[in-house]
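Everything below concerns the one structure shown next.
Predicted, not measured: the structure shown is a model, and the values here were computed from it. Just so we're on the same page: letters track the sequence lines, and every chain starts at 1. Atoms considered below: every heavy atom in the structure, side chains included; atoms not considered: hydrogens, waters and symmetry mates.
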Amino acid sequence: MSQHQYPSHQRPTVPERASLDGLEGKWDRAWSAQGTYVFKLGTAREDVFSIDTPPPTVSGSLHVGHVFSYTHTDIIARFQRMCGKEVFYPMGWDDNGLPTERRVQNYYGVRCEPSLPYDPDFTPPLEGGKGKNATSQQVPVSRQSFVELCEKLSTEDEKQFEAAWRHLGLSIDWTQTYQTIDHHSRATSQLAFLRNLARGEAYQRLAPTLWDVTFRTAVAQAELVDRDQTGAYHRIGFRLTDGQPAADTDTDTGAGQRVYIETTRPELLPACVALVAHPSDERYQDLFGKHVEVPLFGTEVPVVPHRLATPDKGSGIAMVCTFGDVTDVIWWREMHLPTRAILGWDGRILPEPPMGVDSDRGQAAYKELAGLTVYSAQKRVTEMLRESGDMEGEPKPITHPVKFFEKGEKPLEIIPTRQWYLSNGGTDQELRARLLERGNELTWYPDFMRVRYQNWVEGLTSDWLISRQRFFGVPFPVWYPVDQFGHPIHDRPILPREDQLPVDPASDTPDGYKPEQRGKPGGFIGDPDVMDTWATSSLTPQIATHWRDDPDLYESTFPMDLRPQAQDIIRTWLFSAVVRADLEQHSLPFHNAAISGFILDPDRKKMSKSKGNVVTPMALLDQHGSDAVRYWAASARLGTDAAFEPGQMKVGRRLAIKILNASKFALSFLAASGSGAALTLDPADVTEPLDSAMLAALETVIETATQALANYDHTRALEATESFFWTFCDDYIELVKSRAHGAAGPQAAASAQTALGLALSVLLRLFAPFQPFATEEVWSWWHDDSIHRQPWPVPAELRAGSSAPGDPRILAVAGAVLGALRKAKSEAKMSMRTEITAATVAVPADLTAPAVAAKADVMAAGRTAELTLAASDTEAVELIFAELTQP
RNA sequence: GGGCCGUUGGCGCAGGGGUAGCGCGCUUCCUUGACACGGAAGAGGUCACUGGUUCAAAUCCAGUACGGCCCACCA
């Protein structure tokens, strides 16, 4: 920016009437035709500003929150573009994952069945199906067909999103788009995975896994939410079986001493592998090392000490099951307890009892539960405990937090399964430290959001589970050899070459095999799983910049400059992107993160579809106009939740209209005067003190706005610009009106006209990121090219050479004196056109000279024939006396 | 249980050691040739509470209350 350009101007052609109506369509078409926002390939990295736009879920609906946060990003994009950066502003569509899977199922009446071969001529049974259709009615289709249908449907959805974004005035480069399920994204995702695998960052493990029984898939830590659930403590007695004389504490039965535990999950009794208490818990010292018998099922389990047992929870001694919760997993792992899994993938009790439930009585009891859901099993077990007398008292109802998949409706279970993991610092302390350092390296707007990242990284308990037992998504690019018994050999994966990507192992055949060997002994089998949707979304910087296949574009755009996103996905999208870039590029994926808040409805609740308080963005844009809606969005700071407020939109609309009208007026002088098409606005022509004062004040506004926008503080920039603009309209324009018309001679008129032109040129550019339509409309009256590719204003363009700046106090005090004169008329309930024959206004002593400098303009604007400016020792300008005459 | 934000006129917000600011709304007035989708002038607040630091606290510190969000091992 060393060689800063000033815009050149033409003699304006001002319309009779100015209106906001239809500007969105008009300018969207013009920008599209002119390629105003198209990224220039081959730009050097230092001249590029690249943005990792959040890909909206196209199967979801567009909502006001999108408008809000995407506007914040666009303001920065427009500012950077005007500052001379070539802005890389692509658009992605997220059509990967469960929401799309469900939408495609319902819309086309199909379901994905990866084992089917691809049929290129497939036509879906439905088109435009709404609501749910039963699984039984859905026609199974191959994964490739499903992906094709998804792409087709997404294309329809994308059109609506694109139309809305264009209407809103987002300066996106529509030639740079991607879909998270498209060929390029799948290839990128698989390529990154293969690299992770080669470096040992991705690995498979058979381990207890958080499992959603509805979707029948594993889920990751990042997808968990706690929800309060009602449950009940069941107090259950376990009988000591060894080394203990018949207890006198349990005279009822006369049997061995009983140990009471309290559990909310009695149905897991057959999965019990131990009882655990805190090592220092005096009550249980004698029991450590001894064994007890599990009621009903007869399994013998040890009583063991562990630091994670909480003495004041329940009875202080807990039963360890495989697996009731994540603490069970820790106990099981650390104390090398056996595994007695009793839950299947569908969340029902497995048909066969686990090892250890050997007695006839135990097997009979288990048979009662086999095939039941956990809910029914719990009821049955409770009945059985009641009958056998092993339960003391009745269950005590409680409310407690339970882990759920964020999209799920039933509590998660923990089931041992084989899964793919990716290192994310959950187990590797060195990596964790490095990722924490990345969080420090990243610049956060606002800064306090960094803490959420830190909290999350510090709280990780395991690596990132990236495999999902779903059908739709990016498949793992992996096959396995099949041994002579027909079993896959998991530790000898067969991988594709990078140039073969993307592959679908369910339909593609690995090199060296024939398709008919699929699933056969001695043949091969594809990995059945797909990747977590975040495993692909975490790569949006690499996808958008074409890391995989366009080194030139990648070099000039990666790492990206800006990641704008919502605060709720710091732990998922942002963190996972940092992980991937750290592992692959050894850098941050982006330098700055701008975090937008949520939209709250008037009741201060987060807006959401389920509450029915969502306003559709298009209706909003139509009603208020895009510049108005953008104004509302722009008036909320990053990281701060904002109220949905139509009032702010009205203010924004008023501002846009004012920009049109004030410009029309100011430019009318320049249209009328002089000759020739070119218009020269030379600051040297600004000779009147009031005019220089106004320009001096504007210089400060430029500085404030520029600095604010460079720091992603759009609200401050808007506030400074807007506040100046209203003074400019209400005071300055009124003050110079008659002089600009020539009342004080040609030179004084030229001074006002030039100052109006210079100020307008700057103000329009300052407003351009916020109000792209109104400013572009006005700009078109005196320019051929778009305002959005103009140089951002600098103070120097308002001053001739090395001349001293004007004194901004002149404008301030002139406005105050004019206000005093207006007050006289207002209090007399008279029109502003009323003549004042004589008036005296008290002016603070140090402001008398500045006031005198603008006296002629003040008298003209106030229609005052005789004005006395009396020096006073008060701090404010005050009307002392005025004599009014009716016109 | 831990953490992060916030609490300023009826509403939405800014400010941040030295007489409280903006916008909406409200009141009164003005159909003035840029704008009635306008303009002018007003009324309205002991800046959540309690202590402390200071010559001086809405502002800094500590604590409390309330609201929101994030995280946390479901016995």
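Taking atom C1' on both nucleotides, B:rC73 is separated from B:rG23 by 49 Å, rounded to a whole Å.
Ion pairing between a basic and an acidic side chain is recognised when a charged N comes within 4.0 Å of a carboxylate O; A:Lys737 and A:Glu734 show such pairing. Using a 4.0 Å cut-off between a side-chain N of Lys or Arg and a carboxylate O of Asp or Glu, A:Lys658 and A:Glu722 do not qualify as a salt bridge. Here A:Lys403 pairs with A:Asp226 in a salt bridge; the nearest charged N to carboxylate O distance falls below 4.0 Å.
Atom CE in A:Met830 sits roughly 12 Å away from atom P in B:rU31 (whole-Å rounding). Residue A:Asp228 contributes atom CG, which lies 15 Å from atom C1' of B:rC71 at whole-angstrom precision. Taking atom CG of residue A:Asp713 and atom C1' of nucleotide B:rA14, one finds them 11 Å apart after rounding to whole Å. Atom CD1 of A:Ile414 and atom P of B:rC73 are 11 Å apart (whole Å). One atom, CG of A:Leu879, and another, P of B:rA41, lie 12 Å apart when rounded to the nearest Å.
Other residues, nucleotides and ligands place no more than 12 heavy atoms under 6.0 Å from the CD atom of A:Glu409. Summarising the local packing, OH of A:Tyr375 is surrounded by 12 or fewer heavy atoms from other residues, nucleotides or ligands at distances under 6.0 Å.
Nucleic acid contact for A:Ala666: none, since no nucleic acid atom lies under 4.0 Å from a heavy atom of the residue. Across all strands shown, A:Cys321 has no heavy atoms under 4.0 Å from either base or sugar-phosphate atoms. Across all strands shown, A:Ile398 has heavy atoms under 4.0 Å from sugar-phosphate atoms exclusively, and none from any base. Note on A:Trp726: only backbone sugar-phosphate atoms sit closer than 4.0 angstrom, heavy atoms only; bases stay farther off. Looking at heavy-atom distances under 4.0 Å, A:Met832 makes contact with a base. Counting any heavy atom pair closer than 4.0 Å across all strands shown, A:Lys664 reaches sugar-phosphate atoms only and no base atom. A:Gln229 comes within 4.0 angstrom of no nucleic acid atom, judged by non-hydrogen atoms across all strands. A:Glu734 comes within 4.0 angstrom of a nucleotide base, judged by non-hydrogen atoms across all strands.
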- prompt: For RNA chain B, what dot-bracket results from Watson-Crick or G-U pairs at under 3.5 Å, with [ ] for crossers and | for inter-strand partners?
  reply: (((((((..((((....[..)))).(((((.......))))).....(((((..]....))))))))))))....
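Of the candidates B:rU32, B:rC74, B:rC73, B:rC74 carries the atom nearest the A:Asp325 side chain, counting heavy atoms from C-beta on. Among the nucleotides B:rA40, B:rC24, B:rC5, the one closest to any side-chain atom of A:Phe448 is B:rC5.
Contact between the side-chain N/O atoms of A:Lys829 and the OP1/OP2 oxygens of B:rA41 is not found at any separation under 4.0 Å. In this model, the phosphate group of B:rG42 is approached by a side-chain N or O of A:Lys823 to a distance below 4.0 Å at OP1 or OP2. One finds no side-chain N or O of A:Lys737 lying less than 4.0 angstrom from the OP1 or OP2 phosphate oxygen of B:rU32. For A:Arg863, no side-chain nitrogen or oxygen approaches OP1 or OP2 of B:rU32 to under 4.0 Å. Between A:Arg822 and the phosphate of B:rC30, there is no side-chain N or O to OP1/OP2 separation shorter than 4.0 Å. Between A:Lys650 and the phosphate of B:rG25, there is no side-chain N or O to OP1/OP2 separation shorter than 4.0 Å. Contact annotation: A:Arg637 side-chain N/O to B:rA14 OP1/OP2 distance is under 4.0 Å. Dashed line: the shortest gap from a side-chain N or O of A:Gln648 to OP1 or OP2 of B:rG25 is not under 4.0 Å.
Residue whose closest nucleotide on RNA chain B sits further toward the 5' end, between A:Trp331 and A:Ala662: A:Ala662. With the nearest nucleotide of RNA chain B identified for both A:Ser635 and A:Ile261, A:Ser635 has the one nearer the 5' end.
Annotation: the span from A:Phe575 atom CZ to A:Trp456 atom CH2 amounts to 8.0 Å, rounded to 0.5 Å.
If you check distances only, the side chain of A:Lys403 never reaches the base of B:rC74 with a donor-acceptor pair under 3.5 Å.
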